[in-house]
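One structure is given below, encoded as structure tokens.
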Amino acid sequence: MADPSSYRPRPGEIPDSPGVYRFRDEHRRVIYVGKAKSLRQRLANYFQDLAGLHPRTRTMVTTAASVEWTVVSTEVEALQLEYSWIKEYDPRFNVKYRDDKSYPYLAVTMNEEYPRVQVMRGHKKKGVRYFGPYGHAWAIRDTVDLLLRVFPVRTCSAGVFKNATRTGRPCLLGYIGKCSAPCVGRVTEDEHRELAEEFCDFMAGRTGTYIRRLETAMTDAAEEMEYERAARLRDDIEALKKAMEKSAVVLADATDADLIAVAEDELEAAVQIFHVRGGRVRGQRGWVTDKVEDVTTAALVEHALQQLYGEEKGDAVPKEVLVPALPDPVEPVQQWLTDRRGSNVSLRIPQRGDKKSLMETVARNAQQSLVLHKTKRASDLTTRSRALEEISEALDLDSAPLRIECYDISHLQGDDVVASMVVFEDGLSRKSEYRRFQIKGFEGQDDVRSMHEVITRRFRRYLAEKEKTGEWADGDELRDLKDDEGRPKRFAYPPQLVVVDGGQPQVAAAKKALDELGIDDIAVCGLAKRLEEVWLPDEDDPVVLPRTSEGLYLLQRVRDEAHRFAITYQRAKRAKRFRASPLDDVPGLGETRKQALIKHFGSVKKLRSATIDQICEVPGIGRKTAETIAVALAQAAPAAPAVNTATGEIMDDMEDGTPGTTTGAPGEPVPAGAPDERRGQET
């Protein structure tokens, strides 16, 4: 525990101007980011008698080992910089809202040649129109199913669309009138895009125009005695009205607004947001957070606004934002919202009428969300705490291992040897800090030697980062916080416990690697699969935890996750190796031209026997490139013939350089091109 006076800035050193400040711990990890109208006045509040500080603030300043600040011109700049650094550093003492679910949106891909209506989650993409978020994906599909009667926009995937174009036959929706079938030319590209625009207009709240237009068309058809068409139009009107009923009118003046409500107690807070467009509730979402800092309702609202609109621009920021408490001061936040929208944004507390009534409804939802979250979390938090305590007692650790790293080695008969590192913090996986390793020190199969190499490389990086804990030169900080590829440095954070997948030999190798680096403050253990025994360094007998132990269950989850992550990486590398083609070594030959060559000749074998003039016949291949291809194929040894593992048949004509299916572990076929992990970086 650090004494704040040990790193307190000297009098007069802190500027009396707006800025953003960061507290760092002894490992140079940013643990808190804040902004201030006056850095001198704000930071002075942290360096007072510890007895006068809020308990959470006291914990933060005693955990910190240094404080730094950056001066900016305005409070708006400070707000933007604070948001950027909270997102980049993920400081442990800042309020960080956690989405209680991944909300689906109704998306229209206006950036495609033929726009598609679909359900989307995750980050928003440029050129795509979003509506929502919705509570459930089925609610989107019900709405879309009703609207496709009137706006028959494409909903199929790219593969289905291409197949229909190739065969000249539309899918089922095209036959039943719920798709205009642009794949077979029933409508032109412009006509289909106009349908998509009308679909978006209706979803945006401009509903009256289409209802009136259809009613007029229905009346005209009836007068002309075209009763079948009039009946279809009648059904279309009913479908639109039914879709509108799914989002009832809550604000009569067709307001576009977001309403934000907060429910909180001493430890946690829940935020609920209702998205109202055209007077109707078009989406709802909720967040929860631990109150790891002494924060007011107004500050919670400000953090919610940063998270809600930090990545948004244009119409995604509504004209009006209604909140239960205004940030102090409110002007910078309102100006920041205005800048993001590009026009004036009103940020205020509703005082009367429909908006206040709706705010009360949002507040009730926030309160119910907080109660539900606490009910769900109580048993989970208790279980995780008990598991960490049991591990601490069984391994005779000084404290509970809040950060656990687990390592596993994976290979196939000595080929494609890789390793994985997974991280669990407070009993929960931290996938953003997973890492992958290729074994580089030797060839062949040796799990013990591989484990020694991986542990050495990981903790050598840790020591290298630890040496950089001195003061940075001006302008060098952001560069030093990232590696050569621009990724955040994560190896600077040491674990309290290293777990290896294996028994005594693997544990001894890991311990030896740490001893050689002079690291003696990190515990090591291994979990053997056969009897689920926990092995410790220099111990002849394992530690046997009860089968019902929460500590053993946590170690098993950590070990199994490391195994899953390692074998996924190993299979992907093997599949990539099996898909390798001699054309991969031709400089300047991209994927498009490789595919064109294979399509033209049918296989690499036939391409190898082709003349330079024949290669030049392929569109996009010039004579110089053709000569390079011919030389590369002549130098490359012919690939081994493909073999059908089920029949033993040699399929020499299959040498085509195209992705097929490779065989993984026995009984586990692995598709070539199998996707790698979304997170985790190769080291």
Side-chain angles (χ1 to χ4, degrees), residues 97-107 119-121 124 129-140 142-143 203-207 243-264 269-289 297-298 300-312 314-327 333-334 337 340-341 345-373:
Y97 291 110
R98 308 183 297 273
D99 256 327
D100 54 13
K101 63 189 75 174
S102 176
Y103 289 94
Y105 286 81
L106 171 58
V119 178
M120 276 193 180
R121 299 177 187 264
K124 295 184 177 180
R129 294 281 301 275
Y130 291 90
F131 304 96
Y134 288 77
H136 303 280
W138 56 260
I140 301 178
D142 284 352
T143 300
M203 289 302 303
R206 293 181 281 276
T207 58
M244 292 168 59
E245 289 171 0
K246 291 181 176 293
S247 54
V249 175
V250 291
L251 298 177
D253 55 354
T255 301
D256 289 348
D258 284 350
L259 290 87
I260 301 173
V262 178
E264 58 184 310
V271 173
Q272 280 286 309
I273 302 101
F274 276 24
H275 302 277
V276 179
R277 298 295 182 270
R280 300 174 181 272
V281 177
R282 295 293 184 181
Q284 175 187 357
R285 68 172 73 177
W287 296 323
V288 290
T289 183
T297 302
L300 288 171
V301 168
E302 183 174 325
H303 289 305
L305 292 172
Q306 286 179 309
Q307 175 143 335
L308 187 59
Y309 303 115
E311 304 295 328
E312 305 291 356
D315 291 340
V317 182
K319 298 177 182 178
E320 194 172 3
V321 180
L322 306 177
V323 295
L326 293 175
V333 179
Q334 188 160 335
L337 291 173
R340 302 208 68 80
R341 176 177 170 81
V345 174
S346 172
L347 178 62
R348 63 188 185 86
I349 302 172
Q351 301 295 333
R352 63 182 68 85
D354 293 340
K355 294 177 182 178
K356 184 177 181 181
S357 299
L358 183 57
M359 177 63 81
E360 292 171 354
T361 301
V362 183
R364 285 196 297 272
N365 277 265
Q367 186 63 45
Q368 292 172 1
S369 176
L370 180 61
V371 171
L372 181 61
H373 169 74

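Heads up: numbering here begins at 1 and tracks the sequence.
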For this session: Could you give me the CA-CA distance, side-chain angles and deciding distance for Val301 and Leu326, then say whether side-chain contact (heavy atoms from CB on, under 4.5 Å) is met?
Result: CA-CA 7 Å; Val301 168; Leu326 293 175; over 6 Å; no
For this session: Please lay out, stage by stage, how Asp258 and Leu308 fare under the test side-chain contact (heavy atoms from CB on, under 4.5 Å).
Result: CA-CA 10 Å; Asp258 284 350; Leu308 187 59; 4.3 Å; yes
Taking the side chain as every heavy atom from C-beta outward, state whether [X] and [Y] have any atom pair closer than 4.5 Å.
X      : Y      : result
Ser346 : Val321 : no
Val276 : Leu259 : yes
Val119 : Leu106 : no
His275 : Arg285 : yes
Arg348 : Leu322 : yes
Thr297 : Glu264 : yes
Glu320 : Val345 : no

Which heavy atom of [X] sits nearest to which heavy atom of [Y], and what is that distance?
X      : Y      : result
Arg340 : Gly310 : NH2-O, 3.2 Å
Ala270 : Ser369 : CB-OG, 4.3 Å
Phe274 : Leu358 : CD2-CD1, 4.2 Å
Tyr309 : Ala316 : CE2-O, 4.1 Å
Val262 : Pro324 : N-CG, 4.1 Å
Pro327 : Leu347 : CD-CD2, 4.1 Å

For this session: Look up atom CD1 in Ile273 and atom CG in Asn365, then write down how far apart they are to the nearest 0.5 Å.
Result: 11.0 Å
For this session: Measure the spacing between CD of Gln272 and CG of Leu370 and express it to the nearest 0.5 Å.
Result: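 Nearest 0.5 Å value for the CD-CG distance: 10.5 Å.
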Exercise. Would you call Glu312 and Arg341 a salt bridge, taking side-chain N to carboxylate O under 4.0 Å as the test?
Worked result: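 Between Arg341 and Glu312 there is no salt bridge, as every charged N stays at least 4.0 Å from the carboxylate O atoms.
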